[in-house]
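Note sheet for the following structure.
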Protein chains: 2
Amino acid sequence: MFKKTLLAVSLAAATLSSASAFAVENVDLLIKNATVLTMNADKTVYDNGLVAIKENKIFAVTDGTDLKEYKAEKTIDADGDIVMPGLINTHTHVSMTVFRSMADDVPDRLHRYIFPLESKLVSRDMVRIGAQLGNVEMVKGGVTTYADMYYFEDEVAKTVDKIGMRAVLGETVIKFPVADAANADEGIKYAVNFIEEYKDHPRITPAFAPHAPYTNTTETLKKITELSLKYDVPVMIHLAESERENQVIAERSGGKSPVEYMADIGALTPNLVGAHVINVDDEDIALLKKHDVGVAHNMSANIKSAKGVSPALKMFDDGLRIGLGTDGPMSGNTISTMDEFNQVAKVHKLVNKDRAAMPPVKVIEMATIGAARALHMEDTIGSLEKGKLADIIVVDTKAPNMVPVYNPYSALVYSAYATNVKHTIVDGKVLMEDRNMLTVDEKAIHDEALAFADKVRQTVVESGEVVQ
Amino acid sequence: MFKKTLLAVSLAAATLSSASAFAVENVDLLIKNATVLTMNADKTVYDNGLVAIKENKIFAVTDGTDLKEYKAEKTIDADGDIVMPGLINTHTHVSMTVFRSMADDVPDRLHRYIFPLESKLVSRDMVRIGAQLGNVEMVKGGVTTYADMYYFEDEVAKTVDKIGMRAVLGETVIKFPVADAANADEGIKYAVNFIEEYKDHPRITPAFAPHAPYTNTTETLKKITELSLKYDVPVMIHLAESERENQVIAERSGGKSPVEYMADIGALTPNLVGAHVINVDDEDIALLKKHDVGVAHNMSANIKSAKGVSPALKMFDDGLRIGLGTDGPMSGNTISTMDEFNQVAKVHKLVNKDRAAMPPVKVIEMATIGAARALHMEDTIGSLEKGKLADIIVVDTKAPNMVPVYNPYSALVYSAYATNVKHTIVDGKVLMEDRNMLTVDEKAIHDEALAFADKVRQTVVESGEVVQ
């Protein structure tokens with residue numbers, strides 16, 4: 001008995017002294033007093049937890065009882081706020097911010113309006129200026145990684161490198177002349193050069209972005225598939241998005257759906273990420289699953305364009321790799337994934353005639369680890385777990401729209417604004433703190449975007465080309 | 001010729017000297033350099049306009065060329081930001097903010113969950129605390145007038161009086177025992193007392209709020225109709241909202257729809273405002289129009305509950321009095337009308353399979369002058385016009401999500417967050433300036449709400465009664 005008591009006492013003493021004595025762990029950044037949504041496999045939530053970061057990685061995620069075991073260079077007291085994985089936007093065209101709020105409701109807008117507008121105005125400058133603005137919008141809205149499809153992606157890459165975000169950047173390949181290529185072959189060359197330049201960047205994954213099955217030839221799609229396997233890079237494509245696509249592909253393939261056609265030509269691979277994926281049936285969904293294709297679900301853009309509602313809930317429940325995307329700022333029109341939450345939850349309830357369909361926890365999964373899966377990046381990002389890259393956001397729960405929080409998933413999905421994001425951390429580095437941008441000059445970016453918008457006005461708005 | 005020239009010269013001199021000489025108008029508040037959306041009958045927009053306010057009314061709304069003619073006690077330089085009528089939320093239950101994010105996706109939630117919750121927790125304190133919090137949320141989101149249906153509306157009235165908002169407050173009448181009445185007759189007495197107390201308040205319109213046709217008897221509905229005509233006050237009711245309502249009313253009336261039934265018993269009057277109005281056919285819509293009934297369209301709550309999409313676009317196009325509402329914070333879940341914009345525009349496009357349906361300008365009309373019409377208040381609020389009450393908001397166009405603004409209606413509907421509202425003015429008084437609340441202590445209100453939420457947790461969440 002005596003010995004036992006002695007042992008108990010000495011154990012207690014060890015515990016008490018551990019913080020100051022031998023068990024202190026030096027970390028770079030510590031977030032404490034947090035409602036931590038880990039988004040790990042068990043969906044563990046800590047009410048008063050902590051996240052410790054060493055260099056660019058998560059060193060520990062705990063219930064907070066071990067707080068004294070960490071000594072940090074910098075500590076963020078979350079004061080009960082929500083701490084969660086950074087949001088991953090699986091599909092956008094970031095540079096198009098400079099065209100936002102223009103001709104939103106014109107029928108057949110892509111072909112009648114956007115392609116001609118782009119042929120006049122897309123340039124290296126436009127791509128850089130629009131990307132800078134969009135990056136700021138996303139960091140302020142809690143997006144830490146995004147997947148982009150556009151032209152001059154090397155310009156986007158420079159802005160991503162500077163601001164400190166993570167991105168998958170897909171250089172567009174399309175069969176007609178565009179700003180950075182006269183044809184698809186030139187587009188492929190541009191993409192290969194870009195891939196070779198950026199393939200070893202720690203935060204940027206270069207990729208191919210064939211615009212869509214119907215705007216590329218079978219030969220081009222096959223060539224890109226082959227090259228993507230050779231370079232082991234993603235291929236991002238608009239897939240099963242529009243009636244026009246269905247028609248063109250059916251004519252080309254003897255009645256096949258876009259997904260069947262892509263399977264037939266060998267273009268469905270684990271490197272592929274399909275955006276939209278609206279017009280698919282059960283067989284198409286099975287093909288996407290079989291080939292381990294990622295899917296970007298863009299609710300807001302799809303309903304704004306009246307294209308319809310993707311069977312995203314079925315794809316999620318069937319175990320496909322699927323995450324949320326915003327589409328571009330001429331489509332969405334904002335590019336913070338948080339703006340999708342509410343619409344994703346509600347519209348799936350509406351079309352399924354079931355208020356229990358698409359509960360908030362599924363929406364948050366599709367914005368974090370699900371989105372990471374869609375981009376085949378789930379081993380490194382998408383959840384708060386030891387060893388993963390430190391991409392983390394803190395969401396203010398004191399704003400009047402967020403009070404009270406009985407259920408953090410519900411509060412995020414049904415109440416949060418992108419502006420409720422308080423801090424954004426990527427790769428262990430704080431990019432936004434208390435809503436102030438730390439790595440770029442927000443005012444200068446804003447002014448440059450406004451100056452470009454004046455040029456747009458002079459070019460197309462004042463000439464009367466724009467139908468508003 | 002000589003005389004003419006002289007005359008021209010002297011006129012020019014008079015114009016030049018008018019600002020400093022005899023034509024200066026003293027006003028209390030001047031908003032200059034504004035993108036003014038007047039929402040008048042012509043939808044006049046001024047790119048660099050001004051709004052001048054004397055006491056609680058709009059004295060002038062101009063293109064800004066007469067800026068020098070005003071001398072103001074206080075001047076707000078909008079610096080190009082959007083200046084528009086304050087938003088009018090035609091339907092909410094403001095006090096329910098304290099229950100927000102609880103059990104959001106439970107089927108048959110009203111009867112299985114909300115009514116029992118309310119019977120335990122609704123009190124004068126709860127109503128006051130929830131209303132205070134909701135008022136702050138709305139003022140910060142640009143809502144200047146709201147229509148409320150709940151219990152202890154005299155408590156809501158005190159909070160509205162204090163913060164300085166405008167409101168139509170409907171005291172609930174329902175056939176089963178509730179916190180402030182044992183039955184419908186007691187509810188009517190409570191309402192009459194409240195109406196007599198507040199009928200001369202400059203910013204508060206007291207009203208009857210029979211919960212719904214199916215939760216009241218025909219006798220009660222007739223009595224309320226009669227009293228509302230006697231006191232000339234509004235009657236607000238949930239109408240044509242649910243399948244359960246359809247069934248109960250069909251059984252009661254020999255197969256009639258809720259709207260037909262209300263018409264038959266004489267309850268459709270110009271004093272009535274129906275909330276939701278989802279399950280209506282063309283005959284019902286014609287009846288609502290014939291009787292000049294107002295309609296509150298609550299898209300967000302209706303799709304979240306999977307109840308369906310109201311034919312609001314048809315009602316608007318048919319010339320009914322219809323405006324946007326948010327429903328309560330257990331339904332919406334936020335109560336700033338701006339959060340509806342995007343969903344209203346997009347879901348009507350989706351269900352009409354037409355991207356041109358429900359363009360932004362209609363959405364903004366339904367949030368301002370249309371909402372004023374729904375509440376029969378269009379003579380005093382809802383647009384920026386000389387002589388109207390000075391309920392005005394300024395919306396920041398410099399936030400990254402709002403850049404650039406080619407079309408202000410599009411920017412508001414597709415891009416704006418409620419947090420982009422910069423200043424809120426009601427009755428000529430600035431209630432929020434640069435996002436700071438000027439008439440109430442936001443921190444104290446927040447802390448009181450959190451303390452009440454702890455009580456809610458102890459009462460129902462920790463006991464396991466809440467299904468999350």
Side-chain angles (χ1 to χ4, degrees), chain A residues 97-98 100-102 104-107 109 133-134 136-137 140-141 300 303-306 308-309 332-334 336 339 342-343 345-347 349-350 352-357 359-360 398-401 403-407 410-411 414-415 417-420 442 446 449-450 453 456-457 461 466 468, chain B residues 97-98 100-102 104-107 109 133-134 136-137 140-141 300 303-306 308-309 332-334 336 339 342-343 345-347 349-350 352-357 359-360 398-401 403-407 410-411 414-415 417-420 442 446 449-450 453 456-457 461 466 468:
Chain A
T97 49
V98 291
R100 174 160 49 200
S101 94
M102 196 184 286
D104 273 305
D105 297 325
V106 181
R109 185 165 172 249
L133 178 65
V136 170
E137 183 185 349
K140 294 191 98 171
S300 176
I303 63 176
K304 179 171 167 237
S305 59
V309 178
N333 293 4
T334 54
S336 294
D339 304 340
N342 177 358
Q343 299 174 68
K346 291 174 183 170
V347 175
K349 292 174 195 306
L350 175 70
N352 286 285
K353 296 184 177 27
D354 175 9
R355 89 173 293 150
K398 284 117 197 162
N401 59 298
V403 176
V405 178
Y406 296 108
N407 178 326
S410 273
Y414 297 128
S415 299
Y417 304 124
T419 52
N420 294 135
E442 182 177 354
H446 170 266
L450 281 197
V456 175
R457 268 188 205 93
V461 182
V466 170
Q468 280 289 14
Chain B
T97 48
V98 291
R100 173 160 49 200
S101 93
M102 195 184 287
D104 273 305
D105 297 325
V106 181
R109 185 165 171 249
L133 178 64
V136 170
E137 183 185 349
K140 295 193 99 170
S300 176
I303 62 176
K304 179 172 167 236
S305 59
V309 177
N333 294 2
T334 54
S336 294
D339 304 339
N342 175 359
Q343 298 175 68
K346 291 173 184 170
V347 175
K349 292 174 196 304
L350 175 70
N352 286 284
K353 297 185 175 29
D354 175 10
R355 87 175 291 152
K398 284 121 197 157
N401 58 298
V403 176
V405 178
Y406 297 108
N407 177 326
S410 273
Y414 297 128
S415 298
Y417 305 124
T419 51
N420 294 135
E442 182 176 353
H446 170 265
L450 280 196
V456 174
R457 267 189 206 94
V461 181
V466 171
Q468 282 287 17

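Just so it is clear: chains get the letters A, B, ... in the order the sequence lines come, proteins before strands, and each one is counted from 1.
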Inset, instruction - Pick one of side chain, backbone, both or neither for B:Asn352, based on which atoms fall under 4.5 Å of a heavy atom in chain A. - result: neither

Inset, instruction - Just give me the residue among A:Lys353, A:Lys349, A:Glu442, A:Lys140 that pairs up with chain B most often, heavy atom to heavy atom, under 4.5 Å. - result: A:Lys349

Legend entry - Top of A:Val98, A:Leu450, A:Val136 for chain B proximity - count of heavy-atom pairs under 4.5 angstrom: A:Val98

Inset, instruction - Answer with side chain, backbone, both or neither: which region of B:Ala345 has an atom nearer than 4.5 Å to a non-hydrogen atom of chain A? - result: neither

Inset, instruction - Ignoring hydrogens and angles, tell me if any N or O in the side chain of B:Asn401 forms a donor-acceptor pair with the backbone of B:Ser415 under 3.5 Å. - result: yes

Legend entry - Residue, of A:Asn333, A:Asp105, A:Leu350, that accumulates the most heavy atom pairs under 4.5 Å with chain B: A:Asp105

Legend entry - Contact winner vs chain A - B:Ala356, B:Gly134, B:Ser300, heavy-atom pairs under 4.5 Å: B:Ser300

Inset, instruction - Dump the intermediate steps for salt bridge (charged side-chain N to carboxylate O under 4.0 Å, His left out) on B:Asp104 and B:Arg109, then the final yes or no. - result: CA-CA 8 Å; B:Asp104 273 305; B:Arg109 185 165 171 249; 3.6 Å; yes

Legend entry - Engaged part of A:Asp354 at the chain B interface, taking heavy atoms whose separation is under 4.5 Å: backbone

Legend entry - Heavy-atom pairs under 4.5 Å with chain B, option from A:Glu137, A:Gln343, A:Arg355 with the top count: A:Arg355

Legend entry - Side chain, backbone, both or neither of A:Lys304 within contact of chain B (heavy atoms, under 4.5 Å): both

Legend entry - side-chain hydrogen bond (donor to acceptor under 3.5 Å, both in side chains) against A:Lys398, all qualifying residues, sequence neighbours excluded: A:Asp79, A:Asp81

Legend entry - For chain B, the option from A:Val403, A:Asn342, A:Val347, A:Thr419 that forms the most heavy-atom pairs under 4.5 Å: A:Val403

Inset, instruction - Can you sort out the partners of B:Lys346 under salt bridge (charged side-chain N to carboxylate O under 4.0 Å, His left out), two or more places apart, ordered by chain and number? - result: none

Inset, instruction - With a 4.5 angstrom heavy-atom cut-off, could you sort out which part of A:Tyr414 is near chain B: side chain, backbone, both or neither? - result: both

Legend entry - A:Arg100 side chain to B:Ala411 backbone, donor-acceptor under 3.5 Å: no

Legend entry - Exam field: side chain B:Ser101 to backbone A:Ser410, donor-acceptor pair closer than 3.5 Å: no

Legend entry - Among B:Ile303, B:Thr334, B:Val405, B:Leu133, residue most engaged with chain A (heavy-atom pairs, under 4.5 Å): B:Ile303

